[in-house]
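The structure appears right after this line, and notes come after that.
Values in this document were obtained by computation on a predicted structure and should not be read as measured data. All ligand and atom numbering here is 1-based and tracks the order in the structure. When a residue number appears, it is its place in the shown sequence, counting from 1. Both backbone and side-chain heavy atoms feed into the values below; hydrogens, waters and symmetry mates do not.
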Amino acid sequence: MDLVLTGATVVTSLDPPAVRSGDVVIRDGRVAEIGGDPPTGAERLERPGCVVVPGNVCAHHHLYSTLARGMPYRLEPPATFVEILQRVWWRLDRALDEDSVRLSAWSGGADALLAGTTTIVDHHASPATIEGSLDLIAEALGQLGVRSVLCYEVTDRDGPERATAGIEESRRFLKGGFPLAFGMVGAHASFTLSEETLERCVELARDADAGIHIHVAEDAADERDAMVRFDRRVGERLAEAGALGPRSLLAHCVHVDGPEAELIRDSGAWVAHNPRSNMNNRVGRAPVGDLGVKVALGTDGIDGDMFAESRTAFWRAREADPAIGPPWILERMAASARFAGAVFEEPLLGTLAPGAPADLMVLEYDPPTPLTARNLAGHWAFGLSARHVRDVVVDGDVVVRDRRLVRSSEPEVRPRCREAAEALWRRMDDLEAHPFEPQRGA
Ligand SMILES: [Zn+2]
């Protein structure tokens with residue numbers, strides 16, 4: 001049956017901004033038309049005074065970190081980025097079992113969807129349970145109704161068997177089977193990848209016709225390691241290995257220098273910029289202005305709230321460069337959606353043009369000033385937030401209605417998540433800091 005959203009103002013595009021009024025007709029998972037007479041017999045969602053906006057895309061997430069929120073910590077506090085990995089995330093990932101993978105994905109997916117995020121691009125690691133882990137995530141997200149791009153994080157830090165298992169999990173998942181969850185080849189970062197493992201990732205991406213999703217120069221330690229081991233910077237190493245291309249997704253790029261930024265731009269690769277995570281880990285400021293137009297935004301596991309991430313991204317960027325104004329946020333959000341659209345071969349994803357996938361949210365936003373295409377960016381920077389999200393539609397299905405999940409019950413599943421979190425923390429408590437070290441040189 002057709003679905004019609006009536007009475008709302010409709011943002012049909014973020015970049016360039018376009019705003020109009022008219023009922024939105026959704027048919028077979030797509031925007032059929034805006035304005036005109038609604039078809040008879042359609043299901044109506046009456047939303048007078050609301051604003052309909054294309055769904056947000058989180059271009060870099062770690063759903064497996066969801067159950068880490070508020071966890072106890074007993075080791076010496078980490079002082080550096082590498083220590084944060086050794087003492088926190090590389091203990092957490094090894095403590096994950098099937099149940100906690102599934103419930104992390106559900107929990108993080110629910111948070112994202114309720115905040116208006118309709119596509120999650122995830123980077124997953126669970127070294128104790130690799131095979132089938134991407135299916136657990138795809139099933140949990142499918143149960144909620146959120147679209148996703150998933151990958152398993154291939155790395156040599158847990159030994160050669162697990163590196164191979166990561167590649168095999170990617171190969172298996174890339175064969176498909178989930179209409180709303182597509183795959184990429186995940187790789188951790190240059191400093192935990194041998195030449196051979198990186199080569200195998202590139203080969204798999206080529207064979208499976210998929211992109212590579214990898215952390216790049218998040219911390220200076222990654223660049224130092226590449227110089228010591230290969231006498232090259234990370235960007236040069238990845239370019240020579242064939243890992244940079246128009247479908248690659250490079251998370252962070254905080255420490256890339258001018259020539260590396262040029263390599264990245266020339267390759268057509270996407271960059272996922274995660275400003276809140278960068279601040280939290282104190283790794284530095286990404287040179288976002290040098291990385292071209294394919295800079296998308298991600299949360300790096302902090303949460304699924306792209307309103308919060310995009311506003312922080314704006315202030316962080318503007319603090320460094322007064323030429324950056326509010327339209328920059330809309331360009332980044334549109335780039336994030338274009339990335340997802342490229343993976344799903346849906347070039348209209350992230351717009352509400354006729355024929356676009358019906359991924360959108362209804363905002364209960366009664367602005368103090370008129371909302372127009374000219375000032376949409378100002379409303380985004382200084383007004384809009386996840387608290388305005390009332391309904392969410394993905395692939396034409398209403399998956400959040402009146403601020404509640406439609407297909408899943410929070411009161412039923414959240415308590416199970418909290419139980420799984422406590423069990424996960426207990427298993428984690430038995431693990432010491434991970435011994436893996438990047439090369440530092442003399
Ligand atoms: Zn990350």
Side-chain angles (χ1 to χ4, degrees), residues 57-69 78 80-94 96 101 104-105 108-109 111-112 117 119-127 133-134 137 148-155 157 166 170 184-193 201 211-223 234 238 243 248-256 264 269-286 288 291 295-306 308-309 312-313 336 339-340 434 436 438:
V57 172
C58 174
H60 183 70
H61 203 334
H62 295 284
L63 290 166
Y64 75 81
S65 71
T66 310
L67 302 186
R69 196 181 300 171
T80 65
F81 172 72
V82 171
E83 286 173 3
I84 293 171
L85 296 178
Q86 291 166 331
R87 296 177 195 177
V88 181
W89 303 115
W90 294 348
R91 284 169 68 231
L92 178 95
D93 65 6
R94 284 178 293 152
L96 289 165
V101 168
S104 294
D111 288 348
T117 300
T119 301
I120 297 170
V121 181
D122 192 59
H123 204 277
H124 174 69
S126 54
S133 58
L134 296 180
I137 300 169
S148 62
V149 181
L150 307 182
C151 72
Y152 190 86
E153 175 180 291
V154 174
T155 175
R157 70 174 180 266
S170 312
M184 292 184 80
V185 176
H188 173 242
S190 170
F191 74 96
T192 76
L193 289 165
C201 290
I212 290 184
H213 185 180
I214 182 170
H215 296 94
V216 174
E218 179 171 3
D219 185 72
D222 197 15
E223 291 287 7
V234 172
L238 295 178
S248 306
L249 178 60
L250 316 178
H252 298 286
C253 298
V254 173
H255 291 272
V256 296
I264 291 168
W270 298 86
V271 173
H273 174 47
N274 310 272
R276 290 185 302 172
S277 165
N278 292 343
M279 287 190 269
N280 185 48
N281 289 335
R282 306 177 66 249
V283 290
R285 222 182 254 276
V288 283
L291 292 166
V295 176
L297 296 179
T299 62
D300 202 25
I302 289 205
D303 60 18
D305 181 351
M306 294 310 297
E309 190 69 45
T312 306
S336 307
F339 168 76
H434 200 295
F436 185 90

**OP:** Work out which heavy atom in H255 is nearest to a heavy atom in E223; give both atom names and the distance.
**Re:** O-OE2, 3.5 Å
Subject >> Under the salt bridge (charged side-chain N to carboxylate O under 4.0 Å, His left out) test, residues paired with R285 that sit two or more places apart >> reply: E319
Subject >> For the Zn ion (ligand 1), every protein N/O/S atom that sits closer than 2.8 Å, waters excluded >> reply: H60 NE2, H62 NE2, H215 NE2, D300 OD1
Subject >> Residue from D303, N281, T299 passing side chain to side chain donor-acceptor pair (under 3.5 Å) with R276 >> reply: D303
**OP:** Would you confirm whether the ring centroid of H188 sits within less than 6.0 angstrom of the ring centroid of H215?
**Re:** yes
**OP:** List for me each residue that meets salt bridge (charged side-chain N to carboxylate O under 4.0 Å, His left out) alongside D111, sequence neighbours excluded, and say none if there are none.
**Re:** R69, R414
**OP:** Report the residues that fulfil salt bridge (charged side-chain N to carboxylate O under 4.0 Å, His left out) with E218, sequence neighbours left out, ordered by chain and then residue number.
**Re:** none
